[in-house]
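Some notes on the structure that comes next.
By convention in this document, chain letters (A, B, ...) are assigned in the order of the sequence lines, proteins followed by strands, and residues within each chain are numbered from 1. What you are looking at is a predicted structure, and each value in this text was computed from that prediction instead of being measured.
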There are 2 protein chains.
Amino acid sequence: MVSRVESAAATRHALVDAAAELLDEGGPDAVTLRAVGARAGVSRGAPYGHFPDKEHLLSAVAAKSWAEVGGELDALITEEHLSPTDRLERALAGLMRVGRRRPHTYALMFGAPSGELSDAIAAVSRTHDQFLSIVTEAIGDPGRARPVGAMLLTSVHGIIGMENGGHLDIEKWHVTGDQLLEMIIKSAATHGVRCSHSSNRRKF
Amino acid sequence: MVSRVESAAATRHALVDAAAELLDEGGPDAVTLRAVGARAGVSRGAPYGHFPDKEHLLSAVAAKSWAEVGGELDALITEEHLSPTDRLERALAGLMRVGRRRPHTYALMFGAPSGELSDAIAAVSRTHDQFLSIVTEAIGDPGRARPVGAMLLTSVHGIIGMENGGHLDIEKWHVTGDQLLEMIIKSAATHGVRCSHSSNRRKF
DNA sequence: ATGGCTCAGTTGACAATGTCATGTGAACTG
DNA sequence: CAGTTCACATGACATTGTCAACTGAGCCAT
């Protein structure tokens, strides 16, 4: 039934899933090799048969999470009844949702990659490309798609980072993260199409 | 010469400084209570006389770093020969510099605060206020200073986070962090003054 | 000045964790 | 069916955060 190699692959999957769950539920400190092994139904040293390092296991988790986001973007792209603009807005909202609902996983995804972790890098690159294609379809000037996409992504990332860090106090800034996202999207419109009047030079 | 309380205060300072240095030099993993104690000239358990927890020590480091940034902003504010706009741009550039030159410290500063850490919260609030005053002076519409300030801060934060996470590949996005910052600043101008035509509804 | 007190700092100990060397049993091969 | 291989288990070890017990020097009252 289960050949040895199949079982090994299943174990590897179980380990990554277990680590991802533990990260979501209890944050980085809860991701212990022992806890991962226990949840995966194996024992504490088992991960070393599949990953050289705890860091590599975590990078596999990051790759998996990036692939999941990529899947959501894919679903968005193939959703025919959506306008390109809607697709873009939903993509950004989806990222915000991940950042809010699974902050630890989000932090891992956007954290500095450790080691080589080719899997994670490839997954990130793929998902970035999908996001880029969404931006390209939504934007008027295709030549500006990449910079504008980067601006949108970095801005959303900043909003989530400030929110999750507790640095976006509404009392102080008089805005919510969602309002900031809206501002950013409007800015993208200004930058994306040529804002014919964008050359108006004034003080802020 | 050195009264007991003076010596204690000096030790506390030395501990915070040592932790800050270790964080800068070797990242979070290098900040070991034993290493901190050694660098501060005391021994491994000494921090527990001044902080209930390693986390509280780190939050003291965060408070110190926020206060340093606040000091830079203060210097900027009292610099008479600068225009309000220049002050704002320099403030943003200064934050970028911290994020680039001291990524670990920056991450600690903007990381989710742990526990109560009233010191850190106060330091953050003070520095945010100073930044806010700079934005207020630079902006045309004072009523929008807070939201626009938040947008600038979050955007810079996002840029730094993407850069330090290795997710701002120039090959892919065709922009640098500095160019993104420039785009954001222009957007702030659009949002800060009333962009009379900002109601132009177009696709991106 | 002197005996007792206070408290900063040290040291020993312990549990948790990442990591590795060694062992083991079941799946594969001839 | 005998031997090999490989996934996994287990014991062991160094490191680290944390705390209890200890020590000694500054401080106070007499």
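Ionic pairing of B/Glu171 and A/Arg146 is not present here: no N-O contact between side-chain nitrogen and carboxylate oxygen is shorter than 4.0 angstrom. Between A/Arg39 and A/Glu21, at least one side-chain nitrogen of the basic residue sits less than 4.0 Å from a carboxylate oxygen of the acidic one, meeting the salt-bridge criterion.
Looking only at atom types and distance, the side chain of B/His81 has a donor-acceptor partner in the side chain of B/Glu79 under 3.5 Å away.
With a 4.5 Å cut-off on side-chain heavy atoms, B/Ile134 and B/Ile77 count as touching.
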With 3.5 Å as the limit, what N/O pairs link the protein to nucleotides 12-16 of chain C?
unit_1, atom_1, unit_2, atom_2, d
C/dG12, N7, B/Arg44, NH2, 2.2
C/dG12, O6, B/Arg44, NH2, 3.0
C/dA13, N6, B/Arg44, NH2, 3.4

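With sequence neighbours left out, the side-chain hydrogen bond (donor to acceptor under 3.5 Å, both in side chains) criterion links A/Lys64 to A/Asp17, A/Glu68. Residues passing the salt bridge (Lys or Arg N to Asp or Glu O under 4.0 Å) test with A/Asp129, sequence neighbours excluded: B/Lys172.
Between B/Gly49 and A/Val31, the one whose closest nucleotide on DNA chain C sits nearer the 5' end is B/Gly49.
The distance from atom CG of A/Asp53 to atom P of C/dT17 is 17 Å, rounded to the nearest whole Å.
Distance from the side chain of B/Ala46 is smallest to C/dG9 among C/dG9, D/dT18, C/dG18. For B/Tyr48, the side-chain atoms get nearest to D/dT18 when compared with the rest of D/dT18, C/dT19, D/dC8. Counting only heavy atoms from C-beta on, B/Lys54 has its side chain closest to D/dG17 among C/dT19, D/dG17, D/dC8.
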